Amino acid sequence: MRTTLFPKLFLLLLALLCAATPSFGVTGLFGPFDGIVDLAYSGSTVTYTNNIPGMRALGINPNIAGFSVPNRDGTFLTSDGTTCKSTDYLALARISHYLATSPDVVRPFILDLTGVMFGYSPERDCTCDRNGTCSNQWVLRSNWVNRLTDFQRISGNDFNPSTVFAIVLHQEIANVNGAVVDNATIFTIADRIKQVFPGVPVLGGYPTQAVLANYGLQNTPLRFNSNLDYIGTWDYSVSDPRFGAYPAMYNDPNTGLKRRLRANQKLVYVYGNFNLDTSSPNHCPAQSTGVPYNAGRFDFNARAWCAWALKNNTDRSTTLLDYLWGFGGSQAIINWENAHCGGTSLQPTLISVDNAAVLGSGCWQ
(Lines give C-alpha, C1' and ligand atoms only; values in the text may rest on other atoms or scores of the structure.)
Protein backbone atom coordinates (compact mmCIF):
# COMPACT_ATOMS: atom_id res chain seq x y z
CA MET A 1 0.00 0.00 0.00
CA ARG A 2 1.10 3.55 -0.48
CA THR A 3 2.55 5.75 2.18
CA THR A 4 -0.55 7.92 2.27
CA LEU A 5 -3.73 6.33 3.52
CA PHE A 6 -6.61 8.71 2.86
CA PRO A 7 -8.25 6.54 0.18
CA LYS A 8 -8.54 3.58 2.56
CA LEU A 9 -9.87 5.96 5.16
CA PHE A 10 -12.84 6.63 2.93
CA LEU A 11 -13.24 3.00 1.96
CA LEU A 12 -13.45 1.48 5.40
CA LEU A 13 -15.66 3.46 7.69
CA LEU A 14 -19.22 4.56 8.32
CA ALA A 15 -19.23 7.33 10.88
CA LEU A 16 -21.83 9.29 12.72
CA LEU A 17 -21.51 12.62 14.45
CA CYS A 18 -20.25 12.32 17.99
CA ALA A 19 -22.71 14.65 19.68
CA ALA A 20 -22.94 14.00 23.40
CA THR A 21 -25.15 16.82 24.64
CA PRO A 22 -25.14 19.26 21.68
CA SER A 23 -27.54 18.92 18.79
CA PHE A 24 -26.36 18.56 15.22
CA GLY A 25 -27.19 22.12 14.19
CA VAL A 26 -25.31 23.85 17.00
CA THR A 27 -22.61 26.28 15.95
CA GLY A 28 -19.59 25.96 18.21
CA LEU A 29 -15.92 26.76 18.06
CA PHE A 30 -15.44 24.95 14.76
CA GLY A 31 -18.67 26.03 13.08
CA PRO A 32 -21.87 24.15 12.27
CA PHE A 33 -20.22 20.72 11.80
CA ASP A 34 -18.75 20.51 15.25
CA GLY A 35 -16.93 17.97 17.29
CA ILE A 36 -15.49 14.67 16.23
CA VAL A 37 -16.79 12.47 13.47
CA ASP A 38 -16.47 8.79 14.13
CA LEU A 39 -17.70 5.36 13.23
CA ALA A 40 -21.26 4.58 14.26
CA TYR A 41 -21.01 6.80 17.33
CA SER A 42 -23.70 9.27 18.33
CA GLY A 43 -23.87 10.61 21.84
CA SER A 44 -23.63 8.15 24.71
CA THR A 45 -24.83 5.20 22.63
CA VAL A 46 -22.94 3.25 20.01
CA THR A 47 -24.93 1.54 17.28
CA TYR A 48 -24.38 0.50 13.72
CA THR A 49 -27.13 1.57 11.38
CA ASN A 50 -29.05 -1.24 9.73
CA ASN A 51 -28.05 -0.21 6.22
CA ILE A 52 -24.35 -1.08 6.23
CA PRO A 53 -24.59 -4.65 4.84
CA GLY A 54 -27.01 -3.60 2.14
CA MET A 55 -24.83 -0.70 1.03
CA ARG A 56 -21.72 -2.81 0.87
CA ALA A 57 -23.63 -5.34 -1.21
CA LEU A 58 -24.07 -2.55 -3.78
CA GLY A 59 -20.40 -1.65 -3.76
CA ILE A 60 -21.14 1.55 -1.81
CA ASN A 61 -18.62 2.31 0.89
CA PRO A 62 -20.03 3.62 4.17
CA ASN A 63 -17.17 5.63 5.58
CA ILE A 64 -16.12 8.49 7.81
CA ALA A 65 -19.20 10.61 8.35
CA GLY A 66 -20.58 9.72 4.97
CA PHE A 67 -20.69 7.58 1.89
CA SER A 68 -18.45 6.91 -1.11
CA VAL A 69 -19.59 5.94 -4.58
CA PRO A 70 -18.18 2.62 -5.84
CA ASN A 71 -14.59 3.00 -7.05
CA ARG A 72 -15.31 0.95 -10.15
CA ASP A 73 -17.85 0.51 -12.94
CA GLY A 74 -18.02 -3.24 -13.14
CA THR A 75 -17.59 -6.02 -10.65
CA PHE A 76 -16.24 -6.20 -7.11
CA LEU A 77 -15.50 -8.96 -4.66
CA THR A 78 -17.64 -8.85 -1.54
CA SER A 79 -16.20 -9.24 1.94
CA ASP A 80 -16.71 -13.00 1.94
CA GLY A 81 -13.88 -13.22 -0.57
CA THR A 82 -15.82 -15.37 -3.03
CA THR A 83 -18.92 -13.53 -4.25
CA CYS A 84 -18.55 -11.32 -7.34
CA LYS A 85 -21.18 -8.61 -7.78
CA SER A 86 -21.84 -5.84 -10.28
CA THR A 87 -22.04 -2.16 -9.44
CA ASP A 88 -21.57 1.29 -10.95
CA TYR A 89 -21.10 4.91 -9.92
CA LEU A 90 -24.87 5.50 -9.80
CA ALA A 91 -25.48 2.94 -7.04
CA LEU A 92 -25.23 5.66 -4.40
CA ALA A 93 -27.42 8.07 -6.36
CA ARG A 94 -30.19 5.48 -6.48
CA ILE A 95 -30.51 5.41 -2.69
CA SER A 96 -30.22 9.18 -2.27
CA HIS A 97 -33.74 9.59 -0.88
CA TYR A 98 -33.06 7.04 1.81
CA LEU A 99 -29.88 8.86 2.79
CA ALA A 100 -31.68 12.19 2.85
CA THR A 101 -34.66 11.06 4.94
CA SER A 102 -33.90 7.91 6.96
CA PRO A 103 -33.64 8.20 10.76
CA ASP A 104 -30.76 5.71 10.53
CA VAL A 105 -28.56 8.29 8.77
CA VAL A 106 -27.02 11.24 10.61
CA ARG A 107 -27.01 14.41 8.56
CA PRO A 108 -25.22 16.37 7.23
CA PHE A 109 -22.88 13.69 5.89
CA ILE A 110 -19.84 13.76 3.63
CA LEU A 111 -20.58 12.71 0.04
CA ASP A 112 -17.48 11.26 -1.57
CA LEU A 113 -17.77 11.48 -5.36
CA THR A 114 -14.18 10.53 -6.16
CA GLY A 115 -15.38 7.52 -8.14
CA VAL A 116 -17.69 9.65 -10.28
CA MET A 117 -14.93 11.82 -11.72
CA PHE A 118 -11.96 9.50 -11.35
CA GLY A 119 -11.23 5.85 -12.05
CA TYR A 120 -8.35 3.43 -11.74
CA SER A 121 -6.10 2.57 -14.64
CA PRO A 122 -6.57 -0.25 -15.40
CA GLU A 123 -10.15 -0.50 -14.14
CA ARG A 124 -10.68 -2.62 -11.05
CA ASP A 125 -12.82 -5.75 -11.15
CA CYS A 126 -13.24 -9.14 -9.49
CA THR A 127 -10.24 -10.60 -11.27
CA CYS A 128 -7.76 -8.13 -9.82
CA ASP A 129 -9.52 -8.38 -6.44
CA ARG A 130 -8.92 -12.12 -6.37
CA ASN A 131 -5.35 -11.84 -7.62
CA GLY A 132 -4.43 -8.95 -5.37
CA THR A 133 -3.26 -6.96 -8.41
CA CYS A 134 -5.75 -4.07 -8.47
CA SER A 135 -4.26 -0.78 -9.63
CA ASN A 136 -3.84 2.20 -7.29
CA GLN A 137 -3.32 4.62 -10.18
CA TRP A 138 -6.12 7.18 -10.31
CA VAL A 139 -6.95 8.91 -13.61
CA LEU A 140 -9.52 11.56 -14.51
CA ARG A 141 -12.26 9.97 -16.60
CA SER A 142 -12.76 11.53 -20.03
CA ASN A 143 -16.55 11.55 -19.51
CA TRP A 144 -16.51 12.88 -15.95
CA VAL A 145 -18.81 15.83 -16.78
CA ASN A 146 -21.55 13.55 -18.07
CA ARG A 147 -21.12 11.19 -15.15
CA LEU A 148 -21.48 14.01 -12.64
CA THR A 149 -24.58 15.31 -14.43
CA ASP A 150 -26.13 11.83 -14.47
CA PHE A 151 -25.37 11.35 -10.77
CA GLN A 152 -27.26 14.55 -9.94
CA ARG A 153 -30.13 13.64 -12.27
CA ILE A 154 -30.63 10.28 -10.58
CA SER A 155 -30.27 11.66 -7.05
CA GLY A 156 -32.55 14.64 -7.70
CA ASN A 157 -32.54 17.25 -4.95
CA ASP A 158 -31.74 14.85 -2.11
CA PHE A 159 -28.09 15.93 -1.91
CA ASN A 160 -28.21 19.57 -0.88
CA PRO A 161 -26.72 21.90 1.78
CA SER A 162 -29.07 20.56 4.46
CA THR A 163 -28.12 16.91 3.93
CA VAL A 164 -24.49 17.14 2.75
CA PHE A 165 -21.68 18.75 4.72
CA ALA A 166 -19.24 18.61 1.81
CA ILE A 167 -18.66 16.83 -1.48
CA VAL A 168 -15.26 15.17 -1.80
CA LEU A 169 -13.72 15.97 -5.17
CA HIS A 170 -10.90 13.49 -4.58
CA GLN A 171 -9.82 11.78 -1.38
CA GLU A 172 -6.12 12.33 -1.97
CA ILE A 173 -5.37 14.94 -4.61
CA ALA A 174 -1.65 14.93 -3.84
CA ASN A 175 0.51 12.33 -2.18
CA VAL A 176 4.02 10.93 -2.24
CA ASN A 177 3.51 9.83 -5.86
CA GLY A 178 2.56 13.32 -7.06
CA ALA A 179 -0.74 15.03 -7.83
CA VAL A 180 -3.65 13.18 -9.43
CA VAL A 181 -4.37 16.15 -11.70
CA ASP A 182 -3.05 19.69 -11.97
CA ASN A 183 -4.41 22.64 -10.00
CA ALA A 184 -6.25 24.14 -12.97
CA THR A 185 -8.16 20.89 -13.48
CA ILE A 186 -9.10 20.81 -9.80
CA PHE A 187 -10.59 24.29 -10.25
CA THR A 188 -12.62 23.13 -13.26
CA ILE A 189 -13.97 20.03 -11.50
CA ALA A 190 -14.85 21.94 -8.34
CA ASP A 191 -16.59 24.61 -10.40
CA ARG A 192 -18.77 22.02 -12.11
CA ILE A 193 -19.61 20.34 -8.79
CA LYS A 194 -20.80 23.70 -7.46
CA GLN A 195 -22.98 24.19 -10.52
CA VAL A 196 -24.52 20.74 -10.20
CA PHE A 197 -24.89 20.86 -6.39
CA PRO A 198 -25.30 24.56 -5.58
CA GLY A 199 -24.46 25.62 -2.04
CA VAL A 200 -22.62 22.43 -1.07
CA PRO A 201 -18.93 22.98 -0.11
CA VAL A 202 -16.22 21.05 -1.95
CA LEU A 203 -13.45 19.19 -0.11
CA GLY A 204 -10.08 17.92 -1.35
CA GLY A 205 -7.60 15.73 0.53
CA TYR A 206 -3.91 16.60 1.05
CA PRO A 207 -1.49 14.95 3.53
CA THR A 208 1.29 16.85 5.31
CA GLN A 209 4.88 15.87 6.08
CA ALA A 210 5.71 16.99 9.60
CA VAL A 211 7.82 13.92 10.35
CA LEU A 212 8.03 11.63 7.34
CA ALA A 213 10.14 13.17 4.57
CA ASN A 214 8.53 13.69 1.16
CA TYR A 215 5.14 12.68 2.49
CA GLY A 216 2.83 15.02 0.64
CA LEU A 217 3.35 18.76 0.81
CA GLN A 218 6.03 18.68 -1.86
CA ASN A 219 3.25 17.82 -4.34
CA THR A 220 0.76 20.32 -2.91
CA PRO A 221 0.40 23.79 -4.48
CA LEU A 222 1.73 26.69 -2.43
CA ARG A 223 -1.82 28.04 -2.50
CA PHE A 224 -4.74 25.64 -2.38
CA ASN A 225 -7.17 25.95 -5.22
CA SER A 226 -9.61 28.77 -4.56
CA ASN A 227 -12.57 26.59 -5.54
CA LEU A 228 -11.94 24.18 -2.63
CA ASP A 229 -13.83 25.16 0.52
CA TYR A 230 -12.38 22.52 2.85
CA ILE A 231 -8.96 20.89 2.91
CA GLY A 232 -8.87 17.39 4.36
CA THR A 233 -5.45 16.89 5.92
CA TRP A 234 -3.71 14.21 7.97
CA ASP A 235 -0.31 13.26 9.28
CA TYR A 236 -0.53 9.79 10.75
CA SER A 237 3.02 9.83 12.04
CA VAL A 238 2.04 12.54 14.54
CA SER A 239 0.32 11.50 17.77
CA ASP A 240 0.42 14.95 19.36
CA PRO A 241 0.56 17.88 16.92
CA ARG A 242 1.10 20.48 19.64
CA PHE A 243 4.78 19.68 19.94
CA GLY A 244 7.74 18.68 17.83
CA ALA A 245 7.76 19.05 14.07
CA TYR A 246 4.07 19.63 13.42
CA PRO A 247 3.77 23.28 14.57
CA ALA A 248 6.90 24.15 12.59
CA MET A 249 5.44 22.55 9.47
CA TYR A 250 2.09 24.22 9.99
CA ASN A 251 3.45 27.73 10.64
CA ASP A 252 6.36 27.83 8.19
CA PRO A 253 5.97 31.25 6.49
CA ASN A 254 7.14 29.95 3.11
CA THR A 255 5.82 26.42 2.71
CA GLY A 256 3.67 25.68 5.77
CA LEU A 257 0.13 24.34 5.71
CA LYS A 258 -1.34 27.59 7.04
CA ARG A 259 0.43 29.62 4.37
CA ARG A 260 -1.23 27.53 1.64
CA LEU A 261 -4.77 28.22 2.85
CA ARG A 262 -6.90 30.93 1.32
CA ALA A 263 -8.98 33.22 3.51
CA ASN A 264 -12.19 31.27 2.90
CA GLN A 265 -10.77 27.79 3.48
CA LYS A 266 -11.09 25.57 6.55
CA LEU A 267 -9.22 22.44 7.57
CA VAL A 268 -10.84 19.07 8.18
CA TYR A 269 -8.34 17.24 10.39
CA VAL A 270 -8.04 13.48 10.12
CA TYR A 271 -6.09 11.99 12.99
CA GLY A 272 -4.97 8.40 12.84
CA ASN A 273 -5.78 5.45 15.03
CA PHE A 274 -4.65 2.15 13.63
CA ASN A 275 -5.11 -1.52 14.42
CA LEU A 276 -6.23 -2.66 17.82
CA ASP A 277 -3.23 -4.63 19.03
CA THR A 278 -4.75 -7.41 21.13
CA SER A 279 -1.33 -9.02 21.58
CA SER A 280 0.12 -5.96 23.32
CA PRO A 281 0.36 -5.96 27.13
CA ASN A 282 -0.83 -2.35 26.95
CA HIS A 283 -3.90 -2.90 24.82
CA CYS A 284 -6.20 -1.71 27.62
CA PRO A 285 -7.07 0.90 26.56
CA ALA A 286 -6.66 0.22 22.87
CA GLN A 287 -3.15 0.65 21.54
CA SER A 288 -2.50 1.53 17.91
CA THR A 289 0.15 -0.15 15.83
CA GLY A 290 1.61 0.21 12.39
CA VAL A 291 4.95 1.96 12.83
CA PRO A 292 6.08 4.27 11.23
CA TYR A 293 2.59 5.58 11.81
CA ASN A 294 1.65 6.81 15.25
CA ALA A 295 1.83 4.39 18.15
CA GLY A 296 -0.16 6.42 20.64
CA ARG A 297 -3.24 5.30 22.51
CA PHE A 298 -6.51 5.95 20.71
CA ASP A 299 -7.91 8.10 23.49
CA PHE A 300 -4.75 10.19 23.85
CA ASN A 301 -4.53 10.79 20.09
CA ALA A 302 -8.08 12.12 20.01
CA ARG A 303 -7.55 14.48 22.92
CA ALA A 304 -4.19 15.74 21.63
CA TRP A 305 -5.53 16.57 18.17
CA CYS A 306 -8.53 18.21 19.80
CA ALA A 307 -6.22 20.40 21.87
CA TRP A 308 -4.17 21.38 18.82
CA ALA A 309 -7.21 22.44 16.81
CA LEU A 310 -8.87 24.31 19.66
CA LYS A 311 -5.80 26.12 20.93
CA ASN A 312 -3.78 26.82 17.83
CA ASN A 313 -6.07 27.29 14.87
CA THR A 314 -9.71 27.32 15.84
CA ASP A 315 -10.41 29.85 13.08
CA ARG A 316 -9.04 27.42 10.50
CA SER A 317 -10.70 24.21 11.71
CA THR A 318 -14.12 22.87 10.87
CA THR A 319 -14.13 19.32 12.26
CA LEU A 320 -12.06 16.33 13.36
CA LEU A 321 -12.29 12.95 11.64
CA ASP A 322 -11.17 9.82 13.43
CA TYR A 323 -9.58 7.31 11.08
CA LEU A 324 -9.76 3.85 12.60
CA TRP A 325 -8.02 1.34 10.40
CA GLY A 326 -8.37 -2.40 10.63
CA PHE A 327 -10.77 -2.95 13.52
CA GLY A 328 -14.22 -1.86 12.36
CA GLY A 329 -14.28 1.54 14.03
CA SER A 330 -15.19 2.90 17.42
CA GLN A 331 -18.11 0.63 18.15
CA ALA A 332 -15.92 -2.44 17.90
CA ILE A 333 -13.17 -0.90 20.02
CA ILE A 334 -15.56 0.35 22.70
CA ASN A 335 -17.28 -3.04 22.87
CA TRP A 336 -13.92 -4.81 23.01
CA GLU A 337 -12.66 -2.57 25.82
CA ASN A 338 -15.85 -3.10 27.81
CA ALA A 339 -15.52 -6.87 27.41
CA HIS A 340 -11.80 -7.18 28.14
CA CYS A 341 -10.73 -4.14 30.12
CA GLY A 342 -13.48 -3.62 32.65
CA GLY A 343 -14.61 -0.43 30.91
CA THR A 344 -13.81 1.77 27.96
CA SER A 345 -11.52 4.77 27.63
CA LEU A 346 -12.57 5.62 24.09
CA GLN A 347 -16.24 6.41 24.69
CA PRO A 348 -15.68 9.15 27.33
CA THR A 349 -12.90 10.53 25.14
CA LEU A 350 -15.23 11.01 22.19
CA ILE A 351 -17.79 12.72 24.40
CA SER A 352 -15.10 14.98 25.88
CA VAL A 353 -13.72 16.01 22.49
CA ASP A 354 -17.15 16.76 21.11
CA ASN A 355 -18.06 18.86 24.14
CA ALA A 356 -14.75 20.70 23.85
CA ALA A 357 -15.56 21.64 20.27
CA VAL A 358 -19.16 22.65 20.83
CA LEU A 359 -19.17 23.95 24.40
CA GLY A 360 -15.59 25.19 24.74
CA SER A 361 -14.72 22.81 27.57
CA GLY A 362 -11.31 21.20 27.85
CA CYS A 363 -10.28 18.24 25.71
CA TRP A 364 -9.29 16.28 28.83
CA GLN A 365 -12.48 16.91 30.81
Side-chain angles (χ1 to χ4, degrees), residues 2-7 9-10 30-31 33 110-114 117-118 138-140 144-145 148 165-238 241 245-271 305 308-309 311-321:
R2 298 178 319 194
T3 301
T4 41
L5 302 172
F6 207 51
L9 171 160
F10 274 90
F30 288 164
F33 193 64
I110 291 174
L111 184 64
D112 177 18
L113 299 188
T114 301
M117 283 79 67
F118 296 86
W138 285 105
V139 294
L140 180 65
W144 69 269
V145 174
L148 183 62
F165 163 66
I167 289 176
V168 178
L169 183 153
H170 194 283
Q171 306 150 359
E172 193 171 14
I173 294 172
N175 57 48
V176 69
N177 297 320
V180 173
V181 290
D182 60 82
N183 215 24
T185 303
I186 293 297
F187 184 94
T188 300
I189 299 172
D191 189 62
R192 182 54 65 99
I193 291 174
K194 292 182 178 187
Q195 292 177 38
V196 174
F197 295 98
V200 181
V202 178
L203 183 152
Y206 294 87
T208 62
Q209 53 178 15
V211 177
L212 299 180
N214 300 320
Y215 183 51
L217 279 181
Q218 79 281 8
N219 296 313
T220 297
L222 285 178
R223 294 285 277 175
F224 287 115
N225 197 288
S226 60
N227 248 358
L228 294 176
D229 302 289
Y230 299 137
I231 305 300
T233 187
W234 61 99
D235 202 323
Y236 295 146
S237 59
V238 176
Y246 198 86
M249 176 281 301
Y250 179 83
N251 291 304
D252 187 294
N254 297 312
T255 61
L257 182 60
K258 185 176 183 180
R259 180 244 187 272
R260 298 168 193 251
L261 293 168
R262 297 179 183 272
N264 64 302
Q265 291 174 331
K266 298 278 190 177
L267 291 167
V268 174
Y269 279 108
V270 184
Y271 65 92
W305 278 94
W308 159 263
K311 181 178 179 180
N312 291 278
N313 65 334
T314 301
D315 62 323
R316 286 299 198 179
S317 303
T318 186
T319 195
L320 301 173
L321 299 181

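In this text the structure is predicted, and so the values were computed from the model without any measurement.
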Heavy atoms only: give me the nearest [X]-[Y] pair and the separation to one decimal.
X: A184; Y: D182; result: N-OD1, 3.1 Å
X: I173; Y: G204; result: CD1-CA, 3.7 Å
X: T233; Y: P207; result: OG1-C, 4.3 Å
X: R260; Y: Q265; result: O-OE1, 4.2 Å
X: K258; Y: N251; result: CD-OD1, 4.2 Å
X: R316; Y: R262; result: NH1-O, 2.7 Å

State the [atom1]-[atom2] distance between [X] and [Y], to the nearest 0.5 angstrom.
X: L217; Y: D235; atom1: CG; atom2: CG; answer: 8.5 Å
X: Y246; Y: Q209; atom1: OH; atom2: CD; answer: 11.5 Å
X: I186; Y: S226; atom1: CD1; atom2: OG; answer: 12.0 Å
X: K266; Y: Y230; atom1: NZ; atom2: OH; answer: 8.5 Å
X: L113; Y: I189; atom1: CG; atom2: CD1; answer: 11.5 Å
X: F224; Y: I231; atom1: CZ; atom2: CD1; answer: 4.5 Å

Between Q171 and D112: side-chain donor-acceptor atoms closer than 3.5 Å: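 Their side chains do contain a donor-acceptor pair, which is all the 3.5 Å distance test asks for.
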Ring center gap for W308 and Y271 short of 6.0 angstrom: no
query: Is it true that W144 and F118 have ring centroids separated by less than 6.0 Å?
result: no
Looking at [Y], is its backbone amide N or carbonyl O close enough to the side chain of [X] to form a donor-acceptor pair, meaning the two atoms are under 3.5 Å apart?
X: N227; Y: A190; result: no
X: R192; Y: L148; result: no
X: N219; Y: N175; result: yes

Would you mind reporting whether [Y] and [X] have side-chain heavy atoms less than 4.5 Å apart?
X: V238; Y: W305; result: yes
X: V268; Y: L203; result: yes
X: T255; Y: M249; result: no
X: F197; Y: V202; result: no
X: R259; Y: Y250; result: no

task: For side chain to side chain contact (heavy atoms under 4.5 Å, CB included), just list the numbers for V168 and I110, CA-CA rounded to whole Å, side-chain angles, deciding distance to a tenth of an Å, and then say yes or no.
output: CA-CA 7 Å; V168 178; I110 291 174; 3.5 Å; yes
Test side-chain hydrogen bond (donor to acceptor under 3.5 Å, both in side chains) applied to T185 and N183, step by step: CA-CA 5 Å; T185 303; N183 215 24; over 6 Å; no
- request: Begin with the C-alpha distance, continue with both residues' side-chain angles, and end with the deciding distance and a verdict on side chain to side chain contact (heavy atoms under 4.5 Å, CB included) for Y206 and L228.
  value: CA-CA 12 Å; Y206 294 87; L228 294 176; 4.0 Å; yes
- prompt: Can you check side chain to side chain contact (heavy atoms under 4.5 Å, CB included) on L267 and L261, steps first, answer last?
  reply: CA-CA 9 Å; L267 291 167; L261 293 168; 3.8 Å; yes
task: Inspect the contact between K194 and D229 and indicate whether a charged nitrogen and a carboxylate oxygen are less than 4.0 angstrom apart.
output: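 Salt bridge: yes.
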message: Under the criterion side chain to side chain contact (heavy atoms under 4.5 Å, CB included), I'd like the reasoning laid out for V200 against F165: C-alpha separation, chi angles, the key distance, then a yes or no.
response: CA-CA 7 Å; V200 181; F165 163 66; over 6 Å; no
